[in-house]
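All values below were derived from every heavy atom in this structure, side-chain atoms included, with hydrogens, water molecules and symmetry-related copies excluded.
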Amino acid sequence: MHGIAVDPIHDEFFVPNPFAQAILAFRGGADGEEAPIRIIQGPKTQLTYTDTLAMDPIHNEIFVSQRDTHKVLVFARTATGDAAPIRVIQGPKTGLGHPARVAVDPENNLLLVANGEENPGVLIFERTANGNVAPKAVISGPKTGMKKLAALVVYPAGKKFIVGNSGSEGGFLVWSETDEGDVPPEMIIRSSVKINGRALALNPEDQELIAKGGRGNGVVVFKVPELFGGKSQ
């Protein structure tokens, strides 16, 4: 499992299980060998290789990227059992190709999808996008520095998003949600410590970017005030 999404409003968290083709919902205080409170699983769900997901606690929706079938599925937060998605983004107009990561910005009503190694880039959709629809914007091309995208997070207050290139040489790349085309990132965050690029989280209160270290290197924390509107130190 390579993703977990927390819903602080309803005190729940969600975990994808790619081998069981399922989404598991747990109560926020789950501990030990505790059963999930809900499981989304079955043929109506269209879940196949369910690797990562994103949670929108404001609009009560779960967004799930499907790399093998080139689609994004949207479920109601309270969905359980063999439940059909409430929306499906799929088709040639979407530009989806092996979508590796998905992130939702409920404050600015945007859905962001990171394509993997094949034509790496970030597709920006309306949050309520459905069907064979074109993205509002696409950021892709040699100037972007995107390689194998392995992480994606949004910072709604600053209308920015950050992607992680797998491998320490790529670092973490920052764009505004209004950017488009083959444009270089506004900021590149790199480290002398080996970083994995596959896991990324933000701590706006302390102006920190938190990343998974390389094999055996734990967690790496960057102090990046300029990312959050402050002055660099």
Side-chain angles (χ1 to χ4, degrees), residues 1-7 13-25 39-57 59-77 79 83-106 109-140 146-154 161-166 173 175 177 196-201 212:
M1 293 170 280
H2 295 127
I4 185 170
V6 177
D7 179 350
F13 65 91
F14 299 82
V15 180
N17 189 325
F19 303 109
Q21 300 175 332
I23 298 169
L24 314 177
I39 300 176
I40 304 174
Q41 184 182 43
K44 292 180 183 177
T45 68
Q46 301 184 43
L47 293 170
T48 50
Y49 189 78
T50 307
D51 193 34
T52 61
L53 48 72
M55 175 65 206
D56 178 353
H59 302 96
N60 292 304
E61 294 179 337
I62 306 166
F63 294 77
V64 187
S65 59
Q66 300 286 277
R67 284 187 295 178
D68 54 343
T69 53
H70 313 290
K71 65 177 74 170
V72 174
L73 310 176
V74 187
F75 295 91
R77 177 185 65 85
I86 56 177
R87 296 191 300 278
V88 179
I89 304 173
Q90 183 185 32
K93 292 181 181 178
T94 66
L96 293 172
H98 294 282
R101 294 291 184 269
V102 61
V104 60
D105 179 347
N109 283 310
L110 295 175
L111 169 67
L112 289 80
V113 184
N115 274 339
E117 290 180 79
E118 284 190 17
N119 191 26
V122 174
L123 315 176
I124 302 176
F125 295 89
E126 295 283 355
R127 179 185 59 82
T128 55
N130 188 28
N132 183 21
V133 294
K136 291 181 49 151
V138 179
I139 301 175
S140 180
M146 294 183 188
K147 299 176 183 178
K148 182 179 179 181
L149 301 186
L152 171 66
V153 294
V154 295
F161 69 92
I162 304 97
V163 299
N165 275 330
S166 183
L173 316 177
W175 280 273
E177 293 177 338
N196 171 289
R198 292 184 176 275
L200 183 61
K212 181 180 183 298

Rounded to the nearest 0.5 Å, what separation is found between the [atom1] atom of [X] and the [atom2] atom of [Y]?
X	Y	atom1	atom2	answer
Phe13	Leu24	CZ	CG	9.5 Å
Glu177	Leu112	CD	CG	6.0 Å
Asn132	Thr94	CG	OG1	6.5 Å
Leu110	Asp105	CG	CG	5.5 Å
Tyr49	Gln66	OH	CD	11.0 Å
Leu73	Thr48	CG	OG1	7.5 Å

*After noting the C-alpha distance and the side-chain angles of Val104 and Arg127, does the key distance pass the side-chain contact (heavy atoms from CB on, under 4.5 Å) rule?*
CA-CA 7 Å; Val104 60; Arg127 179 185 59 82; 4.1 Å; yes
Do you know which two heavy atoms are closest between [X] and [Y], and how far apart they sit?
X	Y	answer
Ser65	Ala100	OG-O, 4.0 Å
Ile86	Glu61	CD1-OE2, 3.6 Å
Pro16	Thr50	CB-O, 3.3 Å
Gln90	His70	CG-O, 3.9 Å
Ser140	Pro120	OG-O, 3.0 Å

Is there side-chain contact between [X] and [Y], with at least one heavy-atom pair below 4.5 Å?
X	Y	result
Val122	Leu149	yes
Thr69	Gln46	no
Arg101	Val163	no
Leu152	Thr52	no
Asn115	Met146	no

*Are the side chain of Asn17 and the backbone N or O of Ile23 linked by a donor-acceptor pair below 3.5 Å?*
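It does not hold such a pair.
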_Under the rule for ring-ring contact (aromatic ring centres under 6.0 Å, His included), what residues qualify as partners of Phe161, not counting sequence neighbours?_
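Counting only residues at least two positions away or on another chain, Phe161 forms a ring-ring contact (aromatic ring centres under 6.0 Å, His included) with Trp175.
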*Go through Val102 and Leu111 one step at a time and tell me if the side-chain contact (heavy atoms from CB on, under 4.5 Å) criterion holds.*
CA-CA 7 Å; Val102 61; Leu111 169 67; 3.4 Å; yes
